[in-house]
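Everything numeric here is computed off the predicted structure, so don't read it as measured data.
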Amino acid sequence: MYELDVVNVFVGPDGRGGNALGVVRGGRAVPQEMRQGLAAEWGFSESLFVDDARTGLVDVYTPGARLPFAGHPLVGVAWLLRRQGEDVPVLRPPVGEVAAWAEGEASWIRARAEWATGRRTEQFRTVAEVDALPAPPPGDGWLYAWAWEDEGAGRVRARGFPRRGDNVVEDEATGAAALALTAELGRSLTVRQGGGSSILTRFHHDGTVDLGGRVRWGGRRPFAPAAGPGDQRAAGAGCRPQDREEDIS
């Protein structure tokens, strides 16, 4: 039996929002060929396996693909490892080394803008136009729809639509897309996404962007990968973060 931790990443200042992330801290015990099936079964926008907490080696999956880089999983796992007493200054997803640190109540990472690929941004004239979009809008491919809430203050309203054929119709908070938008605009941002999530970014002229936000504990539940490669369902699959919680304080 293994354990799946759930954390909510980019929670808003009022406690709303946050994108749920599934984390297997003992990832090394889960064979790589089983991970994609588990990520699909759990249904989070991303799931992350910690292969070595000491060195920060991690592996990230959507329900349908393995990712070289993703923003909200790295922000979330950095917070979770610190909570567990592992202050890991560098995370190592497949794309390379990602600095990680805590600042106030926010968890932060620093990544290169060119790592945030595959997401098209589209500016709308008003926040109302963004809010009125159907989920998902017509079309194919990742769309990050956004409008200025307050351009002078760098405040953005955004919604994210993966449109990749899996169960994630709208992403609650998308770190990589916020990173890409920050690089495109060449300025630091506060992004209000989804139903109340808040993403913070800091633009740097060396091609890097800091990505941060609040993270909250969502729960823990056991899972047992099936022995056969054709049946990879987990105990408790499909439960939302509040189900089968254990306190890890």
Side-chain angles (χ1 to χ4, degrees), residues 2-27 39 42-50 53 56 58 60-63 67 70-89 91 93 98-111 155-160 167-168 170-179 189-202 210-223 236-249:
Y2 304 92
E3 291 181 330
L4 175 71
D5 291 315
V6 180
V7 295
N8 299 307
V9 186
F10 301 129
V11 173
D14 59 358
R16 296 187 306 123
N19 196 356
L21 167 71
V23 179
V24 180
R25 287 177 293 123
W42 294 330
F44 299 110
S45 60
E46 280 102 16
S47 298
L48 183 147
F49 298 81
V50 180
V58 296
V60 183
Y61 294 81
T62 71
L67 298 181
H72 111 272
L74 299 182
V75 171
V77 75
W79 178 90
L80 180 62
L81 291 176
R82 281 192 297 271
R83 182 182 172 111
Q84 295 299 295
E86 296 274 3
D87 192 5
V88 181
L91 298 170
V98 177
W101 69 97
E103 192 174 313
E105 60 179 346
S107 178
W108 288 86
I109 64 168
R110 178 169 295 163
R155 293 206 307 269
V156 164
R157 167 63 171 149
R159 294 174 68 191
N167 64 304
V168 183
E170 180 171 355
D171 204 27
E172 173 61 30
T174 316
L179 190 156
L189 301 173
T190 299
V191 180
R192 179 172 66 89
Q193 187 178 336
S197 299
S198 180
I199 305 172
L200 309 174
T201 71
R202 294 174 183 154
D210 295 347
L211 181 69
R214 300 169 186 84
V215 184
R216 295 292 181 268
W217 168 243
R220 173 181 289 166
R221 61 179 185 254
F223 72 96
C239 299
R240 299 317 303 159
Q242 66 270 20
D243 294 336
R244 307 189 184 190
E245 286 189 4
E246 293 179 13
D247 189 8
I248 61 169
S249 301

Subject >> Validation row: L21, W79 side chains within 4.5 angstrom (heavy atoms) >> reply: no
**OP:** Can you see which heavy atom on A39 is nearest to which on T62, and at what distance?
**Re:** CB-O, 3.5 Å
Original post:
Do you know which two heavy atoms are closest between G56 and V88, and how far apart they sit?
Top reply: CA-CG1, 3.7 Å
**OP:** Mind telling me whether W101 and W108 have parallel, tilted or perpendicular rings, with 30° and 60° as the class edges?
**Re:** parallel
Original post:
Who passes side chain to side chain donor-acceptor pair (under 3.5 Å) against S197, sequence neighbours left out?
Top reply: E172
Subject >> Distance-minimising heavy-atom pair for R82 and A100 >> reply: NH1-C, 4.5 Å
Subject >> Inter-residue atom distance R155.CZ - T190.OG1, 0.5 Å rounding >> reply: 8.0 Å
Subject >> CZ-CG distance between R110 and L74, expressed to the nearest 0.5 angstrom >> reply: 14.5 Å
Subject >> Where P63 and S45 come nearest, the two heavy atoms and their spacing >> reply: CD-O, 3.6 Å
Subject >> F10 and V191: CA distance, side-chain angles, deciding distance, side chain to side chain contact (heavy atoms under 4.5 Å, CB included) verdict >> reply: CA-CA 10 Å; F10 301 129; V191 180; over 6 Å; no
Original post:
Which atom pair, heavy atoms only, marks the closest approach of G71 to I109?
Top reply: O-CD1, 4.1 Å
Subject >> Spatial distance of atom CG (L189) from atom CD1 (I199) [nearest 0.5 Å] >> reply: 10.0 Å
**OP:** Enter the distance from E3:CD to F223:CZ here, rounded to the nearest 0.5 Å.
**Re:** 9.0 Å
Original post:
When rounded to the nearest 0.5 angstrom, what distance separates CG in D5 from CZ in R221?
Top reply: 10.0 Å
Original post:
Would you say the side chain of R83 lies within less than 4.5 Å of the side chain of W217, judging by non-hydrogen atoms?
Top reply: yes
Subject >> Heavy-atom closest pair, residues V60 and A70 >> reply: CG1-CB, 4.1 Å
**OP:** Please test V23 against V50 for side chain to side chain contact (heavy atoms under 4.5 Å, CB included), starting from the C-alpha separation and ending with a verdict.
**Re:** CA-CA 7 Å; V23 179; V50 180; 4.0 Å; yes
Subject >> Separation of S107 OG from L80 CG (nearest 0.5 Å) >> reply: 10.0 Å
